[in-house]
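Since the structure is predicted, the reported quantities are computational estimates derived from the model, not experimental observations. Numbered from 1 within each chain, the chains take letters A, B, ... in sequence-line order.
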Amino acid sequence: MRGAVSRLDRDFYARSPLEVAPELLNKILVAPGASGRIVEVEAYTGADDPASHTFRGETPRNRTMFGPAGLLYVYFTYGMHWCANAVCGPPGDGVAVLIRALEALDGLDLMRYRRIAARRDRDLCNGPAKLCQALAISGDHDGVDLTAPEGGLWIGHDGVEPPTAPAVGPRVGISRATDRPYRWWIPGNEYVSRP
DNA sequence: ACCGGGATGTTCT
DNA sequence: GAACATCCCGGTG
């Protein structure tokens, strides 16, 4: 058992994603029946970021990213995968942090059932689409308020601080702005999507 | 371990 | 038509 986990408030998210992203490391993503510790994230900075979904302005798909900080932006990609982001900054900026990997904490049996392709437990949540499958996050959750007191999907902290010296590097799986060091992960962690 | 290709459908040019 | 913030499987070494 662990100590109490308290929910992050809107002020936490309402900053630049470049600040929020490394601070999300070691926080806990909680869903009904399953949770995991965040070990890898990426920032997407909006109008100045050609890799950001919001680079060319608002569309029906990216509408949530222009909403208040603390919303969950969930998008569908490659015809079969969902990925989840925490919206950051002031409304209208269109900035967010992609959650790329978790260390599974609770609900391991449920995650194994949902992630039948995972041969080892370390494969349950070591990718942005894998963790959504493990936690049953889909388009139904786009726009969910992570800070809502009664919400079933939220991010909390249990007293474990973010690493003082997180690993930093270029983002994964993009073809533009590939040089920006907007990916952060926990050094040496075995649950990251790529070492 | 590493690499290559297929899956699968929405979004935007 | 092409691209896509991905994943899985089967090949080879």
Undergrad: Please state how far atom CE in A:Met65 lies from atom P in C:dA5, giving the value in whole angstrom units.
TA: 11 Å
Undergrad: Return the nearest nucleotide to the side chain of A:Ala129; candidates are C:dT6, B:dA7, C:dA5.
TA: C:dT6
Undergrad: Round to a whole Å and report the spacing from CZ of A:Arg180 to C1' of C:dA5.
TA: 14 Å
Undergrad: Base, sugar-phosphate alone, or nothing: which one does A:Ala117 contact when heavy atoms must sit under 4.0 Å apart?
TA: sugar-phosphate
Undergrad: Say we look at B:dG6 and C:dA2: how far apart would their P atoms be, to the nearest angstrom?
TA: 16 Å
Undergrad: Restricting to non-hydrogen atoms, name the atom on A:Ala69 and the atom on A:Arg10 that form the minimum distance, rounded to 0.1 Å.
TA: O-NH1, 2.7 Å
Undergrad: Quick one: is C:dC8 close enough that its OP1 or OP2 comes under 4.0 Å of any side-chain N or O from A:Arg115?
TA: yes
Undergrad: Strictly by Watson-Crick or wobble contacts shorter than 3.5 Å, is anything paired with B:dT8, and which nucleotide is it?
TA: none
Undergrad: How long is the line joining CZ of A:Arg194 and P of C:dC8, in whole Å?
TA: 15 Å
Undergrad: Of the options B:dT13, C:dA5, B:dT8, whose atoms approach the side-chain atoms of A:Arg56 most closely?
TA: B:dT13
Undergrad: Could you give the CZ-to-P distance, from A:Arg176 to C:dA5, as a whole number of Å?
TA: 8 Å
Undergrad: Side-chain N or O of A:Ser175 versus OP1/OP2 of C:dC4: is the shortest distance under 4.0 Å?
TA: yes
Undergrad: Expressed in angstrom and rounded to an integer, what is the separation of A:Met80 atom CE from C:dA5 atom P?
TA: 14 Å
Undergrad: Could you please name the option among B:dA7, C:dC8, C:dA5 that lies closest to any side-chain atom of A:Lys130?
TA: C:dC8
Undergrad: With A:Ile38, which of A:Ile28, A:Ile186, A:Asn26, A:Ile155 fulfils side chain to side chain contact (heavy atoms under 4.5 Å, CB included)?
TA: A:Ile155
Undergrad: Check the angle between the aromatic planes of A:His53 and A:Tyr75 and answer parallel, tilted or perpendicular using the 30° and 60° thresholds.
TA: perpendicular
Undergrad: With a centroid cutoff of 5.5 Å and a plane-angle limit of 30°, would you call A:Phe76 stacked on B:dG9?
TA: no
Undergrad: Can you tell me if the side-chain N/O atoms of A:Ser52 get under 4.0 Å from OP1 or OP2 in C:dA5?
TA: no
Undergrad: Could you tell me the Watson-Crick or G-U partner of C:dA5, where both distances fall under 3.5 Å? Say none if there is no partner.
TA: none
Undergrad: Roughly how many Å is it from CD in A:Glu58 to P in B:dT11, rounded to a whole number?
TA: 14 Å
Undergrad: Please confirm whether the shortest side-chain N or O distance from A:His53 to OP1 or OP2 of C:dA5 is below 4.0 Å.
TA: yes
Undergrad: Touch check for A:Ile174, heavy atoms < 4.0 angstrom, all strands: base, sugar-phosphate only, or nothing?
TA: sugar-phosphate
Undergrad: Between C1' on C:dA3 and OH on A:Tyr75, what's the gap in Å once rounded to a whole number?
TA: 13 Å
Undergrad: For the atom pair CZ (A:Arg100) and CD (A:Glu42), what is the distance rounded to the nearest 0.5 Å?
TA: 4.5 Å
